[in-house]
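In what follows, every heavy atom counts, from backbone to side chain, and hydrogens, waters and symmetry copies are set aside.
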Amino acid sequence: MSGKVDKTAKGYSYSSKINDSHETFFNMELWFLTYFYNKLVWALNREHLHYLMDYLSADLRGKSFSTYTIMKTQADHLPTIMKTAKNRKGIVKVIIVNSMKLNIVMK
């Protein structure tokens, strides 16, 4: 085997910065934006907001496992502050309060 072997791990990082009401990875406009302890909580659309509410409100957040499950789920990419048990109820409350202020109908 000839050639140079690159042993440097290459990956992608994600910044939670918001640029002019757009998220910076795909540059998509945010539909919902609020803060929880100075950390951004945002959703791209109504379905995304419902997904967050369902995930954060669930008593059991298991994921199906099979020998073919290699891909990560959307929940795997959520910020740690959202996945931490002590923060979930507070984030749900912030989402509900701000949804009511904006007249967003939740399920």
Side-chain angles (χ1 to χ4, degrees):
M1 184 196 286
S2 62
K4 182 180 174 185
V5 177
D6 186 6
K7 293 185 180 180
T8 306
K10 293 181 179 152
Y12 298 98
S13 65
Y14 177 74
S15 171
S16 62
K17 294 179 182 175
I18 300 300
N19 185 11
D20 191 30
S21 76
H22 288 71
E23 57 86 24
T24 56
F25 193 77
F26 294 108
N27 197 32
M28 295 180 73
E29 184 175 7
L30 300 177
W31 184 75
F32 179 85
L33 174 65
T34 191
Y35 292 88
F36 177 76
Y37 287 112
N38 296 323
K39 301 288 184 185
L40 295 170
V41 177
W42 54 267
L44 294 170
N45 52 39
R46 183 180 310 272
E47 291 80 19
H48 186 209
L49 187 62
H50 285 184
Y51 171 81
L52 290 174
M53 287 292 295
D54 290 344
Y55 176 80
L56 296 170
S57 300
D59 291 330
L60 182 61
R61 275 164 293 288
K63 73 174 159 180
S64 59
F65 178 78
S66 72
T67 55
Y68 301 106
T69 307
I70 299 171
M71 302 296 289
K72 290 186 174 185
T73 65
Q74 183 179 8
D76 291 326
H77 298 284
L78 288 174
T80 303
I81 192 170
M82 287 186 146
K83 294 188 276 187
T84 306
K86 68 178 183 178
N87 296 327
R88 287 192 297 258
K89 285 184 182 179
I91 295 172
V92 168
K93 184 177 179 180
V94 166
I95 290 173
I96 290 171
V97 167
N98 284 290
S99 296
M100 290 171 57
K101 287 180 185 176
L102 297 171
N103 292 324
I104 297 172
V105 177
M106 299 305 284
K107 288 185 185 179

Decide side-chain contact (heavy atoms from CB on, under 4.5 Å) for Thr34 and Trp42; before the verdict, give the C-alpha distance in whole Å, the side-chain angles of both, and the deciding distance to 0.1 Å.
-> CA-CA 6 Å; Thr34 191; Trp42 54 267; over 6 Å; no
side-chain contact (heavy atoms from CB on, under 4.5 Å) between Lys83 and Tyr55: does it pass, once the steps are laid out?
-> CA-CA 9 Å; Lys83 294 188 276 187; Tyr55 176 80; 3.7 Å; yes
Given side-chain contact (heavy atoms from CB on, under 4.5 Å), test Asn98 with Val41 step by step and report yes or no.
-> CA-CA 11 Å; Asn98 284 290; Val41 177; over 6 Å; no
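Note that the CD1 atom of Ile81 and the CD1 atom of Ile91 stand 5.5 Å from one another [nearest 0.5 Å]. To the nearest 0.5 Å, the span separating OH on Tyr37 from CG on Asn87 amounts to 7.5 Å. In this structure, Ser57 OG and Ile96 CD1 are separated by 6.5 Å, a value rounded to the nearest 0.5 Å. Interatomic distance, His48 NE2 to Leu52 CG, rounded to the nearest 0.5 Å: 4.5 Å.
With sequence neighbours left out, Asn45 forms a side-chain hydrogen bond (donor to acceptor under 3.5 Å, both in side chains) with no residue at all. Annotation: side-chain contact (heavy atoms from CB on, under 4.5 Å) contacts of Lys86 (sequence neighbours excluded): Thr84.
Nearest heavy atom pair, residue Gly90 against residue Phe36, reads C-CE1, 3.5 Å. Nearest approach of Ser99 to Leu49, heavy atoms of both residues: OG-CD2, 3.9 Å. Residues Glu29 and Leu44 approach most closely at O-CD2, 3.8 Å, considering heavy atoms.
Without hydrogens or angle criteria, Arg88 side chain to Met82 main chain gives no donor-acceptor distance under 3.5 Å.
A continuous path of ILVMFWY side-chain contacts below 4.5 Å connects Tyr35 to Leu30, so both sit in one hydrophobic cluster. The hydrophobic cluster containing Met100 also contains Leu56, counting ILVMFWY residues as joined when their side-chain heavy atoms lie under 4.5 angstrom apart, directly or transitively.
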